[in-house]
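Here is the structure we will look at, set down as structure tokens.
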Amino acid sequence: MAVMETARELALPDWLIFSGAIYQRVLNHLTGRDPDHGIKDYDLAYFDPDTSWDAEDAVIARVAAAFEPPVREMVEVRNQARVHLWFEAKFGEPYAPLGSSAEALPRFASPLNAVAARLEADGSMTIVAPFGLEDLFSLTYRANPNRRVAGCARTAQAAKDRWPEMTIIPQP
């Protein structure tokens with residue numbers, strides 16, 4: 001919640017906390033583990049049409065200044081409007097431009113991963129889960145049905161290593 005509260009105070013445009021910081025906490029709760037078990041980072045996404053590196057770098061510095069160590073080193077902030085500029089070089093596959101932060105979620109490796117949240121000004125929580133939450137709450141790791149993701153089996157196994165109760169449905 002401290003990361004969510006700080007992110008809310010930063011008021012980045014169209015921000016969401018993505019992936020591991022959300023689904024891993026749910027898995028920890030469901031399996032009776034410490035809430036921080038397996039948490040490697042906090043993916044803070046935002047969407048700013050300014051796709052310059054300088055603009056994103058300024059946001060990265062602003063976000064870093066808002067957190068104390070060790071959380072500072074764990075918050076990874078990225079402008080989702082820029083992902084298409086570097087994704088292919090890093091992951092070897094094309095990535096069409098996005099129109100919002102939430103549009104990234106249907107491209108994640110698994111429906112279990114494709115969950116995001118935002119703490120609103122009134123204290124309510126917005127949850128974005130384009131595939132629903134069934135896989136998350138049933139501890140089921142299956143491949144994204146709409147996109148073949150290189151390394152999906154490796155990612156699934158890494159998750160199962162941390163949460164052995166998880167069921168992996170192999171990619172067809």
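Just so you know, residue 1 is the first one in the sequence shown, and it goes up from there.
Atom CH2 in Trp15 sits 14.5 Å away from atom OH in Tyr46 (nearest 0.5 Å). Gln80 contributes atom CD, which lies 10.5 Å from atom CD of Glu103 (distance to the nearest 0.5 angstrom). Rounding to the nearest 0.5 Å gives a distance of 8.5 Å between CE of Met4 and CG of Leu16. For the atom pair OH (Tyr95) and NZ (Lys90), the distance works out to 12.5 Å, reported to the nearest 0.5 Å. Atom CG of residue Leu139 and atom CD of residue Glu165 lie 6.5 Å apart, to the nearest 0.5 angstrom. Remark: Leu112 CG to Glu134 CD distance equals 11.5 Å, nearest 0.5 Å.
Side-chain atoms of Phe47 and Ser101, non-hydrogen and from C-beta on, do get closer than 4.5 Å to each other. Between Met125 and Met1 the shortest side-chain heavy-atom distance falls below 4.5 Å.
In this structure, a donor-acceptor pair under 3.5 Å is present between the side chains of Ser52 and Asp50. Side chain to side chain, Asp161 and Gln157 meet the donor-acceptor criterion of an N or O pair below 3.5 Å. A donor-acceptor contact under 3.5 angstrom links the side chains of Thr126 and Glu120, judged on distance only.
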side-chain contact (heavy atoms from CB on, under 4.5 Å) between His84 and Leu98, intermediate numbers included = CA-CA 8 Å; His84 69 282; Leu98 298 168; over 6 Å; no

Intermediate values then yes/no, side-chain contact (heavy atoms from CB on, under 4.5 Å), Leu44 and Leu12 = CA-CA 10 Å; Leu44 174 54; Leu12 300 175; 3.9 Å; yes

Does the side-chain contact (heavy atoms from CB on, under 4.5 Å) test come out yes or no for Arg162 and Leu27, once each step is laid out?
-> CA-CA 10 Å; Arg162 288 178 279 167; Leu27 294 176; over 6 Å; no

May I have the step-by-step check of side-chain contact (heavy atoms from CB on, under 4.5 Å) for Ile17 and Arg118, ending in yes or no?
-> CA-CA 6 Å; Ile17 301 290; Arg118 176 177 43 248; over 6 Å; no

Just distance, no hydrogens or angles: give the donor-acceptor pairs under 3.5 Å from side chains in residues 63-77, sequence neighbours left out.
from, atom 1, to, atom 2, distance (Å)
Arg72, NE, Ala64, O, 2.8
Arg72, NE, Phe67, O, 2.8
Arg72, NH2, Phe67, O, 2.7

Could you pull out every donor-acceptor pair under 3.5 Å between side chains of residues 143-150 and any protein atom, sequence neighbours left out?
from, atom 1, to, atom 2, distance (Å)
Asn144, OD1, Asn146, N, 2.7
Asn144, OD1, Arg147, N, 3.4
Asn144, ND2, Pro106, O, 2.6
Asn144, ND2, Phe108, O, 2.8
Arg147, NE, Glu93, OE1, 3.4
Arg147, NH1, Arg107, O, 2.2
Arg147, NH2, Glu93, OE1, 3.0
Arg147, NH2, Glu93, OE2, 3.3
Arg148, NH1, Gln171, OE1, 3.4
Arg148, NH2, Pro172, O, 2.3

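With hydrophobic clusters built from ILVMFWY side chains whose heavy atoms lie under 4.5 angstrom apart, Leu85 does not share a cluster with Ile60. No continuous path of ILVMFWY side-chain contacts below 4.5 Å connects Ile169 to Met166, so the two sit in separate hydrophobic clusters. Tyr23 and Val128 fall into different hydrophobic clusters, where Ile, Leu, Val, Met, Phe, Trp and Tyr residues are linked whenever their side-chain heavy atoms come under 4.5 Å apart, directly or through other members.
With Phe18 as the partner, the side chain to side chain contact (heavy atoms under 4.5 Å, CB included) test is satisfied by one option alone out of Asp43, Asp41, Val115: Asp43.
When all heavy atoms of Thr140 and Ser138 are compared, the closest pair comes out as OG1-OG, 2.8 Å. Scanning both residues, Leu105 and Ala114, for their nearest heavy atoms gives O-CB, 3.3 Å. For Arg25 against Pro35, the heavy-atom pair with the smallest separation is NH1-CB, 3.2 Å. Ile22 and Ala117 make their closest contact through CD1-CB, 3.7 Å (heavy atoms, listed as atom of the first residue, atom of the second, distance).
Among residue pairs with one or both ends in residues 120-165, those qualifying as ring pair (Phe, Tyr, Trp, His ring centres under 6.0 Å) are His37-Trp163; sequence neighbours excluded.
A side-chain donor-acceptor contact under 3.5 Å links Asn28 to the backbone of Gln24.
In summary, Arg82 and Asp48 do not engage in a salt bridge, as defined by a charged side-chain N under 4.0 Å from a carboxylate O. The pair Arg142-Asp135 counts as a salt bridge, with a side-chain nitrogen and a carboxylate oxygen less than 4.0 angstrom apart.
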